[in-house]
Amino acid sequence: MKTFKKLSLIFSVFLITFFGEIAVNLACGGEIDPYDYYISYFHNNIEGDEYSPFAYNQMVYLNSETDIESEPDINSREWAKYLNVKKEDVLKVMYKTDSATGVKLVNFDGNLSQLPDSLQQNSFMQALSKRKESLKYYLFAKSCEPLANVDFSLWDPKPRDTTAMGSKAKEALQLTEAEKNDFLKLRYAYQAERMFHFAGYHAESKSTYDKYIRNSKVNSAAKGWALALYAGSTRRLGNPEESAFLFSKVFASNPERRVQAYKNYYYNSTPVNGALKYAKTNNEKANIWAINGFGNSDSGMESLNKVYQYEPKSQLNGTLLVREVNKLEQDLIEANDIAKIGYNYYFSDNGNPKYKDSLKTVNLKHLNEIRNFAVKLATEKKYPQPELGTLTAAYLSWMENKDFMASNYLALLKPDKLPERLRDQYRITDLLIKAKNIKKGNPFNENDLLPTLKWLDEKRFAENKNQSNGQYYDSDQAEKRFSRTTRNFYQQILAPAYLNMGDTAKAALAMVKGDLTFKTMKENSLFQNMSYQSIAFWQKNLSPKSMQGLAVYKTKASGNDVTGLLASALNQLKNDDFYELYGTTYLRTHQYDKAVQMFAKVSAGYKYFNPDNWYADEANAKLYANPFIETINDFPKNM
């Protein structure tokens with residue numbers, strides 16, 4: 001038993017070290033982008049942005065934590081309409097004042113002269129100075145803010161002042177009773193419900209909603225905010241199933257609270273049938289099924305079929321359909337060795353062919369289920385954009401290597417009649433079908449692809465107007481769909497095809513072209529603009545013959561063909577890295593005279609490439625060549 005424990009400990013240490021080393025290597029090779037960890041050509045925003053935070057993404061809980069609507073914007077619009085003032089003026093006063101101005105606003109009595117000059121001309125403040133009942137509510141709401149918005153700190157955890165909030169809630173109820181204006185009455189009641197809720201008086205919070213808010217005739221987003229509080233109190237009072245149902249209603253009615261409602265639905269940890277037993281309409285049932293579909297990272301058709309059954313016209317159908325396609329992309333499209341993407345490549349089950357075959361069979365079965373649904377969506381025409389179904393069927397057929405079927409589906413569509421995003425996806429799918437001959441190594445006319453490749457260039461340049469100035473990771477990567485599509489096409493399809501045809505130089509060109517996301521570059525060094533996959537390919541795979549081929553291709557950049565398109569990308573970059581590598585390939589083959597000729601073309605101040613020792617400090621990180629040290633065979637460390 002002692003031996004077993006010792007072996008277990010040794011094996012655990014080995015696993016930690018092994019996978020830790022892989023993690024370090026991957027980290028040094030480039031930060032993993034959560035929006036770019038598998039190969040995708042089917043854009044997740046084809047059907048619009050209404051449910052974009054819930055697009056498929058296995059690496060994070062939500063594709064985006066940001067709602068598609070802004071609560072401050074919505075509230076400001078409602079106040080602007082009510083007072084007949086500028087929405088921007090309301091937004092500035094309610095949400096964008098500094099702390100010093102906020103203190104003055106708390107004590108505002110309607111006298112504009114006591115305000116800063118910038119606010120004296122503000123139409124919202126001018127209206128409040130004339131509308132005393134509105135000013136009274138505004139000041140009351142300001143008095144509630146410090147109680148509701150308590151910043152939590154682990155170093156100084158301050159409990160909420162529940163006594164003060166309870167008093168405010170009772171005051172708000174009195175003001176609600178006294179107020180005759182429905183717009184203000186609703187908002188006083190909301191403040192009362194909110195104060196009761198935060199103070200932990202959930203029964204009182206719910207009764208406030210039932211009495212003053214539920215049947216209010218005012219068309220306001222505040223009713224949805226109040227319903228969210230009601231749902232939270234329902235959970236606190238011991239009914240998570242009803243709470244989940246209520247949050248699904250907020251999910252449907254208030255896009256500015258949709259992400260919050262989605263999270264709260266799942267905090268209830270209730271099965272789908274628990275929420276469904278409270279649903280009375282088809283719309284309510286469809287939204288519950290949609291939320292469950294958005295929360296499922298595994299492939300499955302149940303939510304999709306249920307939503308279509310209850311609300312075939314809802315955009316939820318298209319969003320869920322695209323999610324299922326994206327899941328299949330992760331499961332069925334394999335990364336090529338020369339342009340590996342993400343952790344999946346390293347941790348896939350490569351050692352069990354039978355398991356992989358059986359898993360692929362399951363995924364192909366699911367592909368056919370999705371395609372059948374897509375065809376149904378197209379033929380029944382209940383969905384507002386039935387063309388999505390046809391386009392999806394074409395793309396899935398391409399994924400299944402049924403190119404003839406894919407082309408037949410595309411032939412049913414008229415691209416010039418499609419909405420922009422569907423038309424873009426049509427062009428991408430058409431490009432992929434045409435490129436199948438390339439991938440198979442069959443004879444092909446690469447220039448048939450030229451118009452679409454030029455179009456893709458313009459699309460990715462348009463979403464990469466501003467360079468990141470050396471930032472390691474751009475915060476807007478989720479929106480760089482055309483950049484990923486273009487790179488994937490060049491590096492996962494075109495470069496491997498050229499490599500299979502024996503044209504390593506052209507494969508290297510395609511790798512570089514896939515990386516150049518900017519039309520013009522501030523830093524135009526070759527290796528500074530390459531991904532770590534491309535750098536590894538260039539440094540490890542190119543021979544003097546390949547470099548000679550690249551030198552010839554560089555002279556063809558003016559041609560109006562695919563070769564010219566690829567070569568022009570290389571010519572955007574300085575030659576120093578190119579000639580250093582050129583000389584290095586000659587060194588490797590002991591052609592020293594030619595190596596010297598290439599190195600002579602490198603700029604005088606150029607810093608030659610040296611590998612880094614990841615484990616050393618900055619001063620000792622560079623591994624300079626030293627002919628006098630002894631190394632072990634498998635790793636160049638000092639002995």
Side-chain angles (χ1 to χ4, degrees), residues 49-54 62 64-82 87 90-91 94-95 137 141 144-145 148-149 169 172 176 182-198 202 205-237 239-268 275 278-288 290-291 294 311 314-316:
D49 299 318
E50 180 73 14
Y51 299 100
S52 57
F54 311 100
L62 282 162
S64 171
E65 293 278 347
T66 305
D67 282 305
I68 61 165
E69 297 279 359
S70 163
E71 186 170 313
D73 281 343
I74 290 173
N75 194 32
S76 298
R77 278 199 300 269
E78 290 191 7
W79 274 97
K81 183 179 179 181
Y82 171 64
K87 175 217 141 183
V90 181
L91 188 67
M94 281 196 171
Y95 298 100
Y137 170 77
C144 293
E145 283 182 11
N149 302 326
T176 304
D182 288 341
F183 180 87
L184 297 176
K185 191 180 189 75
L186 171 65
R187 278 167 162 73
Y188 276 125
Y190 172 67
Q191 294 293 348
E193 182 196 15
R194 187 165 74 131
M195 290 293 100
F196 277 135
H197 179 85
F198 289 156
H202 295 293
S205 181
K206 288 186 67 176
S207 65
T208 301
Y209 176 87
D210 286 329
K211 185 174 181 180
Y212 299 106
I213 300 176
R214 182 187 297 277
N215 297 317
S216 171
K217 303 299 182 183
V218 179
N219 182 18
S220 171
K223 294 176 71 175
W225 310 337
L227 181 59
L229 292 172
Y230 187 84
S233 291
T234 300
R235 178 177 62 203
R236 296 287 187 177
L237 293 173
N239 194 342
E241 294 181 341
E242 184 183 4
S243 175
F245 163 70
L246 293 171
F247 278 122
S248 76
K249 288 176 67 68
V250 178
F251 176 93
S253 64
N254 290 68
E256 76 282 4
R257 291 281 187 99
R258 190 165 283 159
V259 169
Q260 182 193 71
Y262 172 81
K263 290 181 177 180
N264 279 305
Y265 176 95
Y266 279 102
Y267 289 156
N268 282 289
Y278 292 93
K280 295 181 177 64
T281 67
N282 283 345
N283 182 263
E284 290 172 347
K285 295 173 184 176
N287 278 289
I288 291 170
I291 292 173
F294 291 151
E311 286 289 344
S314 172
Q315 189 183 322
L316 290 166

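Just so it is clear, the values below take in all heavy atoms, side chains as well, and ignore hydrogens, waters and symmetry mates.
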Close side-chain approach of [X] and [Y], heavy atoms under 4.5 Å:
| X | Y | value |
| --- | --- | --- |
| Pro53 | Ile68 | yes |
| Trp79 | Arg187 | yes |
| Tyr209 | Leu227 | yes |
| Asn268 | Glu241 | no |
| Leu184 | Tyr82 | yes |
| Tyr267 | Arg235 | yes |
| Trp225 | Glu71 | yes |

(Q) Pair Arg258, Glu50 - check salt bridge (Lys or Arg N to Asp or Glu O under 4.0 Å), show working. (A) CA-CA 10 Å; Arg258 190 165 283 159; Glu50 180 73 14; 3.0 Å; yes

Can you tell me if [X] and [Y] form a side-chain donor-acceptor pair at under 3.5 Å?
| X | Y | value |
| --- | --- | --- |
| Arg214 | Tyr230 | yes |
| Tyr95 | Asp73 | no |
| Asn287 | Asn283 | yes |

Straight-line distance of [X] [atom1] to [Y] [atom2], nearest 0.5 Å:
| X | Y | atom1 | atom2 | result |
| --- | --- | --- | --- | --- |
| Tyr190 | Met195 | OH | CE | 8.5 Å |
| Asp210 | Asn215 | CG | CG | 8.5 Å |
| Asn75 | Met94 | CG | CE | 5.5 Å |
| Leu316 | Glu311 | CG | CD | 8.5 Å |
| Ser76 | Lys87 | OG | NZ | 6.5 Å |
| Ser205 | Glu193 | OG | CD | 4.0 Å |

**Q.** Whether His202 and His197 hold their rings parallel, tilted or perpendicular, with breakpoints at 30° and 60°
**A.** perpendicular

Q. Should the ring pair Phe54 and Tyr51 be called parallel, tilted or perpendicular, given that the plane angle runs from 0 to 90° and is split at 30 and 60?
A. tilted

Q.
Within a 6.0 Å radius of atom CZ on Arg77, are there more than 12 heavy atoms belonging to other residues, nucleotides or ligands?
A. yes

Q.
Centre-to-centre under 6.0 Å for Tyr188 and Tyr137, is that the case here?
A. yes

Q. Aromatic ring centroids of Phe251 and Phe247 under 6.0 Å?
A. no

Does the [X] side chain pair with the main chain of [Y], one donor and one acceptor, at a distance under 3.5 Å?
| X | Y | answer |
| --- | --- | --- |
| Glu284 | Lys280 | yes |
| Ser253 | Lys249 | yes |
| Ser52 | Asp49 | yes |
| Glu242 | Ala275 | no |

**Q.** Which atom of Val250 lies closest to which atom of Arg257, heavy atoms considered
**A.** CG1-CB, 4.1 Å

Q.
What verdict does the side-chain contact (heavy atoms from CB on, under 4.5 Å) test give for Leu62 and Tyr262, after you've listed the backbone C-alpha separation in whole Å, the side-chain angles of each residue and the deciding distance to 0.1 Å?
A. CA-CA 10 Å; Leu62 282 162; Tyr262 172 81; 3.5 Å; yes

Q. Could you walk me through whether Ile288 and Tyr278 pass the side-chain contact (heavy atoms from CB on, under 4.5 Å) check?
A. CA-CA 10 Å; Ile288 291 170; Tyr278 292 93; over 6 Å; no

Q: Start with the C-alpha distance between Tyr212 and Leu186, add both sets of side-chain angles, then the distance that settles side-chain contact (heavy atoms from CB on, under 4.5 Å), and finish with yes or no.
A: CA-CA 7 Å; Tyr212 299 106; Leu186 171 65; over 6 Å; no

Q: Please step through salt bridge (Lys or Arg N to Asp or Glu O under 4.0 Å) for the pair Glu65 and Lys263, ending with a clear verdict.
A: CA-CA 10 Å; Glu65 293 278 347; Lys263 290 181 177 180; 2.5 Å; yes

